[in-house]
Amino acid sequence: MFQYPRPRARAAEAAAKRKSGTPGRGLGPAYEAKTGRRGVRVADLLDRRRGAERVGRGIAWARGRLAELGADPGLAGTVEEAMAVAARVPGVATDVGDEIARALSAGKRVLLEGAQGTALDVDHGTYPYVTSSNTTAGAAAVGAGIGPTAIDSVVGVVKAYTTRVGNGPLPTAFDTAMDERIRELGGEFGATTGRPRRCGWFDAVVVAYAARVNGLTGIAVTKLDVLDTLPEIRIATGYRLAGGSETPFPPTSWELERVEPVYETLPGWRTPTTGVRTLSGLPRNARAYLERIEELVGTPIAMVSVGTRRSQVIREA
């Protein structure tokens, strides 16, 4: 472990994390190493000599940077630790692109699952409040090692309301009381960091934007049951600027921070939905809410969830 001796440097680092919303788990430096051609790949670890050489180069670079920052550059044992991990790699490593290509050739179905969300994409999200990679659907082909034409459908997963973990603009944010209520009902805490997610009304503007940049062929609306007790439900149908003119999803986070959502209010259903297993079995107002989401996003709803179990996912058209 490194000990940064200068409090000012620690304070600056903490302030940078707060500003960017990063959890500080090392993802940013890992991507910097990747684009700087210093990263260690799984394939490198399959050859002990070459793997140790790559790790050694990384240590030399890190020592130089740590020394510049006034930190203790001691990294003893790092190569040995990396090689201990490398010993387990051959049993689990494969050429993923080749595996997928052979599966598709054999007529099998392949599901690629993405993490994060469109607003966290390093190119198309609310920069700089983003993650370090591309989280939009186009990156699935790049990451998996297949051509984009191999993907024949893209389903976007959205909640029946909006959440965001970390910093960055959230135009439809609830007031404090409602924020706490929905967070508790929906268990809205970061899966990796445990940080509380901020919650807000469904934002059709950002979801329509996500549908466009991902080329969505359908959406899955999750956590509909979290809204079961609300007497009224609001949907952001547009954004309005200070001058009164409406605007599409803006390209910069500072513009997004200034927009005022244009809301439409729908009646709630105030009926438990967790036991429902068909769309026709949902309360009329719940169905109307879903239909309005479809209209505003311009993408059909492929499935709806009313709980955490697989049996609570409704796939009926």
Side-chain angles (χ1 to χ4, degrees), residues 1-103 112-116 120-123 125 127-136 139-146 165-167 190-195:
M1 298 291 292
F2 321 130
Q3 294 297 323
Y4 286 81
R6 295 180 293 185
R8 187 173 299 174
R10 288 198 299 270
E13 180 188 32
K17 288 179 182 178
R18 287 195 300 271
K19 185 176 181 180
S20 66
T22 173
R25 297 299 181 90
L27 185 62
Y31 272 94
E32 287 181 335
K34 175 184 176 180
T35 55
R37 282 71 167 177
R38 299 186 307 274
V40 180
R41 306 169 73 199
V42 170
D44 296 326
L45 297 177
L46 295 175
D47 184 300
R48 182 176 179 83
R49 182 183 64 81
R50 295 182 186 277
E53 181 181 304
R54 293 289 298 176
V55 174
R57 288 181 185 174
I59 291 173
W61 183 89
R63 279 182 172 148
R65 290 291 296 125
L66 290 169
E68 290 175 9
L69 293 169
D72 179 4
L75 295 169
T78 304
V79 173
E80 290 74 15
E81 292 173 6
M83 290 303 100
V85 173
R88 303 199 301 269
V89 168
V92 296
T94 187
D95 183 336
V96 175
D98 181 61
E99 291 274 350
I100 293 176
R102 286 192 282 114
L112 305 177
E113 181 183 6
Q116 312 293 349
L120 295 179
D121 187 279
V122 70
D123 288 316
Y127 193 90
Y129 307 106
V130 293
T131 191
S132 301
S133 61
N134 289 109
T135 61
T136 42
V142 176
I146 58 176
V165 66
N167 293 331
T192 300
T193 65
R195 291 185 296 176

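Note that this is a predicted model, so its numbers are computed, not measured.
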Side chain to side chain contact (heavy atoms under 4.5 Å, CB included) against Ala82, all qualifying residues, sequence neighbours excluded: Val55
Would you mind listing every side-chain hydrogen bond (donor to acceptor under 3.5 Å, both in side chains) that reaches into residues 28-44, with sequence neighbours excluded? none
Exercise: identify the closest heavy-atom pair between Ala52 and Val79: CB-CG1, 4.2 Å
Val96: what forms a side chain to side chain contact (heavy atoms under 4.5 Å, CB included) with it, not counting sequence neighbours? Thr94, Ile100
Side-chain donor or acceptor of Asn134 paired with backbone N/O of Thr136 under 3.5 Å: no
Those residues that, when tested against Arg57, pass side chain to side chain donor-acceptor pair (under 3.5 Å) (two or more places apart): Glu53
Closest non-hydrogen atom pair, Val122 against Tyr127: O-CD1, 3.5 Å
Among all residues two or more places apart in sequence or in another chain, which pass the side chain to side chain contact (heavy atoms under 4.5 Å, CB included) test with Arg48? Met83
Roughly how far apart are Ser132 OG and Asp121 CG, rounded to 0.5 Å? 11.0 Å
Salt bridge (charged side-chain N to carboxylate O under 4.0 Å, His left out) contacts in which one or both residues fall within residues 94-103, not counting sequence neighbours: Asp98-Arg102, Glu99-Arg102
Who pairs with Leu46 by side chain to side chain contact (heavy atoms under 4.5 Å, CB included), at least two apart in sequence or on another chain? Val89, Pro90, Ala93
